[in-house]
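Below: one structure, written as structure tokens.
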Amino acid sequence: MASPREEILDWVAAGRLRPADAERALAIAGGDPGPSEWRAFLRALLLWGGVLLTAVGVIFFFAYNIRDFSRLGKLGVAEALLALACAVAVWRGPDTAMGRAALSAACLFTGALLALFGQTYQTGADSFALFVAWAALILPWVWLGRFGPLWMLWIVLVDAAIVTYFNARPWGLVGVAFGMPEMQWIGLLFNSAALILWERAAWLPRWGARVLGFLTGGMATALGVQAFHRSHGIDRGILAVYLLWAVTTYVYYRDRRIDIFMLSGLVLSGIVMFVATFGYLAVDYMEVFGLFVCAAAIIGFSALGARWIRALAKEQRP
Amino acid sequence: MTGDELWSRLAGVGLVAGEPPPPAVRTPWPIRVMLGIAGWLAALFVMALVLMIDDDVYRRPAVAFAAGLLVCGGAFALFRSLAGNVFAAQFGFALSLAGQGLFLAGIGKLVRFDFDTSSFLLLALIEAAAAAIMPNAIHRTLTTYACGVCLFLATSRVGFPAATTALAALGVVLVWLVIEAPELRREVLDPLGYGFALILLCADGSLLFGPDVWRALSPRGDAVPAYFAWSAAIATGAMLLFAAWRLTPRAGSGLLLVALPVAIGGVFAPGISAALLLVILGFAQSSRPLIGLGLLAFAGFLGTFYYQLTQTLLIKSAILTGTGLALLALRRLLPESEAPRA
């Protein structure tokens with residue numbers, strides 16, 4: 001459903017409400033955040049901004065590796081910070097904002113402590129082992145915290161472990177998209193499982209499902225594109241997995257829970273697959289006409305897709 | 001409150017009259033992003049199509065220039081005459097991008113494009129004109145962003161890329177906060193605003209271009225003068241403080257408590273000021289995509305800041321920890337029950 005603000009802007013755009021009256025209308029509708037909403041927002045901003053900046057600052061501090069600081073001193077400070085964060089989390093409880101912030105800081109400090117341990121004793125463990133240990137150690141806290149961002153941190157750590165295990169080139173998402181198929185397979189499996197579990201847990205926020213949807217969609221599409229560009233012809237196995245992902249996404253987000261973000265991603269994935277398969281062949285065999293067909297098809301598919309999703313969104317309105 | 005209830009309430013105080021209008025057709029942002037990427041892909045095929053039909057077109061500048069103008073004109077006519085038709089809009093979008101490609105290829109040859117400041121400034125002007133003229137929201141966001149990238153390249157060539165960051169921060173504040181024209185909000189201001197936000201995040205090092213890119217583009221070679229980099233962060237911080245001050249009557253003085261330490265810390269950790277600016281403007285405008293963009297920029301900046309070579313990790317640590325502890329301490333000054341000053 002549209003927010004009061006959107007409704008009012010629509011009426012102004014349609015000429016049904018004078019622009020000069022829009023501000024008064026917004027005040028009547030409560031379309032803009034009021035003093036109490038601002039206060040809650042600012043308190044959250046101060047808390048989370050403060051905790052994250054401090055925690056990241058602490059990680060940078062240990063990464064600097066001051067030589068004059070003894071081993072015992074460094075480990076002692078890291079452990080003291082971790083213990084302090086845990087104590088605050090227990091004191092305030094994981095259901096309060098302060099408790100959650102402290103628990104999140106504890107999870108970040110755990111990573112700093114592990115990195116410091118590896119740096120101090122030269123354990124020889126690579127990044128993959130660090131991420132695995134980090135994810136394993138904080139899992140009980142993440143479980144008990146019942147907090148969406150903490151679960152997302154845990155998932156990101158596991159993803160980082162997968163990427164570093166396969167030694168992906170440091171090109172961020174581009175590196176993942178064009179990385180080794182084995183990495184994409186494992187990443188797709190893990191993130192799909194995480195997405196299914198995320199969707200089953202009603203208390204988790206929607207944005208997390210969308211982040212996971214973006215990751216699984218990206219990996220499925222990257223794999224799907226590769227299915228048509230194998231030296232030995234079309235890889236039917238990969239194609240089947242892509243189709244399974246596409247059909248499942250369509251059925252779930254069309255019938256069970258309408259989600260515009262996921263469906264837009266599905267349409268875009270279909271267009272990319274079209275370009276990578278038919279587009280490739282069309283340009284090869286039909287040349288000028290093939291290019292024309294491709295351009296027209298992309299425009300047609302995207303416009304049709306947009307119309308379809310907009311109609312679904314309209315259906316969803318009460 | 002449903003739309004009909006809101007309408008009745010406004011009718012009760014005489015702001016509107018008659019029956020409530022039917023619900024407007026909206027295009028949520030995920031669909032806009034999908035249409036934008038697809039339109040860009042289609043434009044590549046259209047440009048390749050032109051090249052295949054007449055592979056000489058890009059070598060004859062006058063022809064490419066005229067053909068580009070003609071194609072852009074066609075796109076404009078499509079946008080104007082079939083407004084609201086998603087097929088026409090998407091076709092017009094792809095056509096316009098392809099037309100711009102032709103036009104730029106033509107004009108590039110005519111003015112002897114040389115990857116220098118004046119050439120990039122010319123491109124920025126053309127993209128700005130496209131953003132102003134073409135009546136399509138997705139097109140406006142994309143061309144505003146393209147204009148910013150060209151401006152960034154132009155200012156980088158003279159060693160002053162901070163000017164782009166400052167202009168982007170100014171644009172963000174003007175569009176999302178200062179200009180009050182609700183009739184233009186949906187189709188003009190919001191699309192321009194997202195374009196400015198993307199430029200700001202790319203130019204200040206949060207997402208794409210950072211000091212290392214500045215250094216690479218700088219004609220002076222090895223190092224960008226520190227004050228040039230700082231001036232971008234100072235300009236963004238100033239815009240953050242200005243936005244906080246403007247919003248104080250609505251948000252209370254607590255907003256300045258958040259903005260002040262971040263603006264100071266942001267001078268040394270460029271990225272946090274821009275991210276917070278977007279988050280607070282997004283909250284003030286009830287724009288979730290803008291808030292999301294700000295949060296993404298915050299996380300992105302913390303990730304890239306580690307690798308930036310401008311300061312040692314110890315100094316970076318002091319800046320981040322100091323700013324973080326200041327925010328936590330100031331939170332105590334903002335109790336939950338206190339009413340904001342009007």
Side-chain angles (χ1 to χ4, degrees), chain A residues 2-7 9-14 16-17 19 21-22 24-25 28-29 31-33 35 38-39 41-43 45-47 49-54 56-58 60-61 63-64 260-261 264 267-268 271 275 287-288 291-292 294-295 298-299 302-303 305-307 309-310 313 317, chain B residues 1 3 6 9-10 13 15-16 21 23-28 30-31 33-35 37-39 41-42 45-46 48-49 52-53 86-87 90-91 94 181-183 185-186 250-252 254-255 258 283-284 286 302 306 312-314 316-317 320-321 323-325 327-328 330-331 334 336 339-340:
Chain A
S3 67
R5 183 183 182 82
E6 284 177 316
E7 294 275 16
L9 290 177
D10 284 342
W11 294 337
V12 171
R16 299 294 303 271
L17 175 67
D21 291 333
R24 202 173 146 215
I28 292 169
D32 284 334
W38 267 109
R39 180 157 295 272
F41 169 72
L42 292 175
R43 281 181 61 80
L45 211 54
L46 284 164
L47 176 66
V51 166
L52 281 176
L53 287 174
T54 308
V56 174
V58 167
F60 281 23
F61 174 76
Y64 181 66
I260 292 169
F261 180 90
S264 301
V267 170
L268 189 58
I271 290 170
V275 171
E287 297 189 341
V288 174
L291 284 169
F292 172 75
C294 280
I298 295 168
I299 291 166
S302 55
R307 210 151 91 165
I309 301 168
R310 279 205 312 214
R317 285 184 199 168
Chain B
M1 193 188 327
L6 177 59
R9 194 179 279 191
L10 297 184
V13 292
L15 290 182
V16 294
V25 178
R26 292 188 198 91
T27 308
I31 302 178
V33 172
M34 181 272 286
L35 286 172
I37 297 172
L41 265 178
F45 279 94
V46 173
L49 181 69
M52 256 195 176
I53 290 171
V86 68
F87 285 94
Q90 192 64 349
F91 183 50
E183 69 278 18
R185 176 58 54 196
R186 186 61 42 87
R250 283 159 65 184
L255 186 52
V258 182
F283 187 76
S286 307
L302 290 181
Y306 185 88
T312 64
L313 278 170
L314 189 63
K316 290 177 189 174
S317 162
L320 295 181
T321 312
T323 311
L325 291 176
L327 290 179
L328 288 174
L330 289 169
R331 188 170 181 265
L334 193 70
E336 282 172 80

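Just so it is clear, the structure is predicted and the values come from calculations on it, not from any experiment. Labels below follow one simple rule: chain letters A, B, ... track the order of the sequence lines, proteins then strands, and each chain is numbered from 1.
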Inset, instruction - Counting only heavy atoms closer than 4.5 Å, note whether B:Ala94 contacts chain A via side chain, backbone, both or neither. - result: side chain
Legend entry - chain A contacts, top residue of B:Leu314, B:Val86, B:Val13 (heavy-atom pairs, under 4.5 Å): B:Leu314
Legend entry - Side chain / backbone / both / neither for B:Arg186 at chain A, heavy atoms under 4.5 Å: side chain
Inset, instruction - Give, as side chain, backbone, both or neither, the part of B:Leu10 having an atom under 4.5 angstrom from any heavy atom of chain A. - result: side chain
Legend entry - B:Phe283 and A:Phe41 aromatic ring geometry - parallel, tilted or perpendicular at 30°/60° bounds: parallel
Legend entry - Min side-chain heavy-atom separation A:Val51-B:Leu328 under 4.5 Å: yes
Legend entry - Region of A:Ala14 in contact with chain B, defined by heavy-atom distances below 4.5 Å: neither
Legend entry - Exam field: side chain B:Arg250 to backbone A:Pro33, donor-acceptor pair closer than 3.5 Å: no
Legend entry - Whether B:Ser317 side chain and A:Gly57 backbone form a donor-acceptor pair below 3.5 Å: yes
Legend entry - Among the listed options B:Val16, B:Ile37, B:Val258, the residue most often paired with chain A at heavy-atom distances under 4.5 Å: B:Val258
Inset, instruction - Any chance you could measure B:Ile31, atom CD1, to A:Ser264, atom OG, to the nearest 0.5 Å? - result: 4.5 Å
Legend entry - Main-chain N/O of A:Arg43 paired to B:Arg331 side chain as donor or acceptor, under 3.5 Å: yes
Inset, instruction - Decide side chain to side chain contact (heavy atoms under 4.5 Å, CB included) for B:Phe45 and A:Ile298; before the verdict, give the C-alpha distance in whole Å, the side-chain angles of both, and the deciding distance to 0.1 Å. - result: CA-CA 9 Å; B:Phe45 279 94; A:Ile298 295 168; 3.7 Å; yes
Legend entry - chain B interface, residue from A:Val275, A:Leu47, A:Ile260, A:Val58 that has the most non-hydrogen pairs under 4.5 Å: A:Leu47
Inset, instruction - Would you mind checking which part of A:Ile271 comes under 4.5 Å of any heavy atom in chain B, side chain (CB onward), backbone (N, CA, C, O), both or neither? - result: side chain
Inset, instruction - Return the option, out of A:Ala63, A:Ala295, A:Ser302, A:Cys294, with the maximum number of heavy-atom pairs under 4.5 Å with chain B. - result: A:Ser302
Inset, instruction - For chain B, find which of A:Val56, A:Ile299, A:Leu45, A:Asp21 contributes the most heavy-atom pairs closer than 4.5 angstrom. - result: A:Ile299
Legend entry - Heavy-atom check, side chain of B:Leu302 versus side chain of B:Leu320, under 4.5 Å: yes
Legend entry - A:Tyr64 atom OH, neighbour heavy-atom count above 12 within 6.0 Å: no
Inset, instruction - Go through B:Ala38, B:Pro182, B:Ala181, B:Ala48 and name the one with the most non-hydrogen pairs under 4.5 angstrom from chain A. - result: B:Pro182
Legend entry - Leading residue by heavy atom contact count with chain B [cutoff under 4.5 Å; candidates A:Gly305, A:Ala25, A:Ala13]: A:Ala25
Legend entry - Heavy-atom pairs under 4.5 Å with chain B, option from A:Thr54, A:Val267, A:Leu17 with the top count: A:Thr54
